[in-house]
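Remarks on the structure that follows.
Sequential numbering from 1 along the given sequence is applied to the chain's residues. One-based numbering, in listed order, for ligands and for the atoms of each.
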Amino acid sequence: MFQTVAIVGATGAVGHEFISLIEQRGWQVDRYVLLASARSAGCTVRMLGHDRAVEELTESSFDGVDLALFSAGGGISKQFAPRAVAAGAVVVDNSSAFRMDPEVPLVVPEINPADAHRHRGIIANPNCSTIIMVIPVWPLHRANPVKRIVVSTYQSASGAGMRAMEELQTQTREVLDGKPAKPRVFPFQLAFNLFCHNSPIDETGYNAEEVKMIRETWKIFHDDTIGVTATCVRVPVLRAHSEAVNLTFENPITPDEVREILSKAPGVRVVDRLDPQHFPMPIEAGGIDEVLVGRIRQDISQPGSRGIDLFISGDQLRKGAALNAVQIAELLV
Ligand code: A2P
């Protein structure tokens, strides 16, 4: 195992999950370095039965560190991940800073674990919506090549961090109390509302989140011939993203074949009960490791039984972020 592990963003929503996963998985580590901004220096974080001091992230934070888990935003990763590597650490980076860098592997351990071993110091963790989608699509793609993916997301507040989760709770209270709901982190009211993902829109009309889902899928699958289109939407759910996924396969495929493949797929739990109706829900995906998959049905609009519709829910903070990063680190041991 690693001797010294640094968590960058230890006070954040993903940082909190890093700590709980490390505890649950029984990592044997000599020393943890818990890092955040100057605002949090002197605060403590509960880990492994102790209140541990949070330190301010500085250039010298990585002395003696052999693994650094980063989740403090792209700017921090760009500035400090190279410092961590120079100090001898392997970085698993949850931000988008290095994901499309050809020198940096982009890894989902259930899909392309071998890529992790080709790192030159930094391994990128994919976008949360991408991870949750590719977990069930990959085993299907292996059985019958997927030619096209049309995905619509229902993304929770957790994807924008701890303060965004607090904002959803505060706004919900404000609305119920008959007060104006003030947006602070998000550009619009999220409570009792939804809006298209607020990342910047490029000249093609896609926002950055949608572009990530497209390009990252290609990189993880090592195949940029798959047609992928996405519409990313933020919904008033606290944690766990959901996605409606429409697939076109090269060859005919039935819902029973899909159910059979997914029932054996790592990281997937099929929740597809018709009577009484019980399908994936964010409230049941939160806090667990598997991506829930259901509503498995033939897309009747596609000729030759080549289309399948799915509905999935996966914990954005766990498999969509911290769990995937922790699994990447475990590949290296
Ligand atoms: P802090 O709590 O001190 O602001 P989230 O995604 O939940 O918003 O969490 C972001 C994480 O990134 C937090 O741990 C936050 O620390 C950390 N962070 C934000 N800005 C910086 C910074 N300039 N230097 C180090 N850590 C930072």
Please identify which atoms of ligand 1 are closer than 4.0 Å to at least one heavy atom of Ser40.
1 (P), 2 (O), 3 (O)
May I ask you to identify the nearest protein heavy atom to atom 18 (N) of ligand 1, giving residue, atom name and distance to one decimal place in Å?
Ala72 CB, 3.9 Å
So, does Glu56 use its side chain to make a donor-acceptor pair with the main chain of Ser40 at under 3.5 Å?
no
For the residue pair Asn144 and Glu250, confirm or rule out a side-chain donor-acceptor distance under 3.5 Å.
no
Looking only at protein heavy atoms, which one is nearest to atom 9 (O) of ligand 1, and how far off is it?
Gly12 CA, 3.2 Å
If you measure only the distance, is there a donor-acceptor pair under 3.5 Å linking the side chains of Asp115 and His222?
yes
Which residue supplies the protein heavy atom nearest to atom 21 (C) of ligand 1, what is that atom called, and how far is it?
Ser37 CB, 3.6 Å
What part of Ala164 sits under 4.0 Å from ligand 1 if we count only heavy atoms: the side chain, the backbone, both or neither?
neither
Ligand 1 N/O within reach of Leu35 N/O, cut-off under 3.5 Å:
no
Purely on distance, is any nitrogen or oxygen of Ala160 under 3.5 Å from one on ligand 1?
no
Shortest protein heavy-atom distance from atom 6 (O) of ligand 1, along with the residue and atom involved:
Gly161 CA, 3.6 Å
Any idea which protein heavy atom is nearest atom 23 (N) of ligand 1, and the distance to it?
Ile76 CD1, 3.3 Å
Kindly determine whether Thr11 and Arg39 satisfy side-chain contact (heavy atoms from CB on, under 4.5 Å), including the steps that lead there.
CA-CA 10 Å; Thr11 52; Arg39 292 179 293 275; over 6 Å; no
Residues Lys147, Ile226; criterion side-chain contact (heavy atoms from CB on, under 4.5 Å); working and verdict:
CA-CA 5 Å; Lys147 307 307 288 178; Ile226 302 176; over 6 Å; no
N-O pairing of Arg163 and Glu167 below 4.0 Å
no
Inspect the contact between Arg184 and Glu174 and indicate whether a charged nitrogen and a carboxylate oxygen are less than 4.0 angstrom apart.
yes
Test side chain to side chain donor-acceptor pair (under 3.5 Å) applied to Glu103 and His119, step by step
CA-CA 7 Å; Glu103 302 287 312; His119 76 81; over 6 Å; no
Quick one: look at Leu57 and ligand 1, take heavy-atom pairs under 4.0 Å, and tell me if it's side chain, backbone, both or neither.
side chain
For Arg163, take its heavy atoms, then give the atoms of ligand 1 lying under 4.0 Å from any of them.
4 (O)
Name the option, out of Ser71, Gly73, Ser61, Cys43, that contains the heavy atom nearest to atom 10 (C) of ligand 1.
Ser71
Starting from atom 16 (O) of ligand 1, locate the nearest protein heavy atom and write down its residue, its atom name and how far away it is, to 0.1 Å.
Thr11 OG1, 3.2 Å
For residues Ile123 and Val8: do they belong to one hydrophobic cluster (side chain heavy atoms under 4.5 Å, members Ile, Leu, Val, Met, Phe, Trp, Tyr)?
no
